[in-house]
Asker: 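Questions regarding the structure given below will be posed in turn.
In this text, all values refer to a predicted model and were calculated from it rather than measured experimentally. Within every chain, numbering begins at 1; the chains are lettered A, B, ... in the order of the sequence lines, protein sequences first and strands thereafter.
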Protein chains: 2
Amino acid sequence: MVEQTKERRSRRSDGEQTYAAILEAAVRLASVEGLSALTIGRLAQDVGVSKSGLYAHFGSIRQLQLDVIDAARDIFGREVFAPGLEAEPGLAQLEALCAAYLSYIERWVFPGGCFFAGMLAEFDARSGVPHDAVSEDQREWVNLLEGIAREAQQRGELRDGIDLAQLVFDVTAPVQLANYYYVLYRDGVVLDQARASIRTAIAAAKPNGVKP
Amino acid sequence: MVEQTKERRSRRSDGEQTYAAILEAAVRLASVEGLSALTIGRLAQDVGVSKSGLYAHFGSIRQLQLDVIDAARDIFGREVFAPGLEAEPGLAQLEALCAAYLSYIERWVFPGGCFFAGMLAEFDARSGVPHDAVSEDQREWVNLLEGIAREAQQRGELRDGIDLAQLVFDVTAPVQLANYYYVLYRDGVVLDQARASIRTAIAAAKPNGVKP
DNA sequence: CCTACCGATCGGTAGG
DNA sequence: CCTACCGATCGGTAGG
């Protein structure tokens, strides 16, 4: 009896399935127009439910925004962190993470480009919960990359006296700019420019690399 | 008589003065919260006029947005282009423009960081008039810098076979990321990282510089 | 999950 | 420049 009920419900619009469908639509909308442009009314119309239907799932627009951020984090983890971290720890992993990021941009995982690059620009100058979430997410990226750079250093893959934070900045800047310009112009040249920039920064960090 | 009338009007809220005050408030609001967050009602309350008072000046929210963009362009020209272009044509000018940009960020010319970096992220994925304006403004920046790099090349300041577009990308990426991170964390370290990044890129472009 | 509703605010207009 | 208004949409709630 119980199983039958479950089956019947999941064949239609099961609660979880609806929730996932709503979140996916919300993430896509927020990635293109910003989290601030995400309204209950528009989203309800997009998904084909009533406004109060959305309130049953999220309770408030703030909670919806938080759930959207969490959903985007899952996607980023799956599409960038996971493949990037499969590489050998050390410089190879730093390169792999940058490559995974550029691939994620190139494959239009989000229709508006990197969700978190969008959030960064949308909330950097404001205060509040989304600003703090952006702040944490950027710290997480930088801290992860600095940890990987430190691992590379301990493995002797870096020349003496290198500034790890500077190295992370030097690979983050090109991937970030590539994201905005790729979305704006939809021209892959900028991805190649970012790749060249990263190659140069990593080559310059190696012991036998050119010293600036 | 005419002069007296002019004087009396300018002592109060002259039309031009009101227009300028409205635009300044609008530019500041848009720089922090985005051009999409700029509403007639909020702006009217901020400035202390009625909504229809704003319509007398701008006619529509779209026109207000265009006027805001134009006002921001003037400020950018005065604060970045003008001081940057005072340097000697060639590599010195490329360096000076980047330095002027970072100074403009550091001095909080706009309370939300670089107005056009904000616009880039807000409208890169949308279509419409603001998107096209963003597109033109970014092209203008890149074209100006590429022209300066070409001038440097003709003066023999660059090594053979250098990719001018790549050089421009390599100095634009750090200033762009520095803007977002400086607004987010309000920590000048990121400005120094951008300066170091630019120094390296320009040094590597010189004939006697290190070749990657 | 739905319909039906709330006050507030949106862009914009009429008339002065 | 103002008051007074328009229909549409906002986030959210009541009651089912």
Asker: Out of B/F116, B/F169, B/Y101, which residue meets the ring-ring contact (aromatic ring centres under 6.0 Å, His included) rule with B/W141?
Answerer: B/Y101
Asker: Run the numbers on B/Q176 and B/L120 for side chain to side chain contact (heavy atoms under 4.5 Å, CB included), then give the verdict.
Answerer: CA-CA 10 Å; B/Q176 190 88 5; B/L120 169 60; 3.1 Å; yes
Asker: Does B/R42 pair with B/E33 as a salt bridge, N-O distance under 4.0 Å?
Answerer: yes
Asker: Who are the side-chain hydrogen bond (donor to acceptor under 3.5 Å, both in side chains) partners of A/Q154, not counting sequence neighbours?
Answerer: none
Asker: Please list residues of residues 21-52 of chain A whose heavy atoms come under 4.0 Å from any atom in DNA chain C, ordered by number; otherwise none.
Answerer: A/V49, A/S50, A/S52
Asker: Are B/L23 and B/D70 close enough that some pair of their side-chain heavy atoms sits under 4.5 Å apart?
Answerer: no
Asker: Could you pull out all residues at least two apart from B/D132 that satisfy side-chain hydrogen bond (donor to acceptor under 3.5 Å, both in side chains)?
Answerer: none
Asker: For the residue pair A/Y104 and A/F76, is the inter-centroid distance of their aromatic rings smaller than 6.0 Å?
Answerer: yes
Asker: Output the rounded distance in Å from OH (A/Y55) to P (D/dG15).
Answerer: 18 Å
Asker: When rounded to the nearest 0.5 angstrom, what distance separates OG1 in A/T172 from CD in B/Q193?
Answerer: 9.5 Å
Asker: Mind checking what makes side-chain hydrogen bond (donor to acceptor under 3.5 Å, both in side chains) contact with B/S60, not counting sequence neighbours?
Answerer: none
Asker: Specify the residues of residues 57-69 of chain A, ordered by number, for which at least one heavy atom lies under 4.0 angstrom from an atom of DNA chain D.
Answerer: A/S60, A/I61, A/R62
Asker: Rounded to the nearest 0.5 Å, how far apart are CD of B/E157 and CD1 of B/I202?
Answerer: 10.0 Å
Asker: Just need the stems in DNA chain D: three or more back-to-back Watson-Crick or G-U pairs, each with both distances under 3.5 angstrom, sorted by first number.
Answerer: C:1-16 with D:1-16
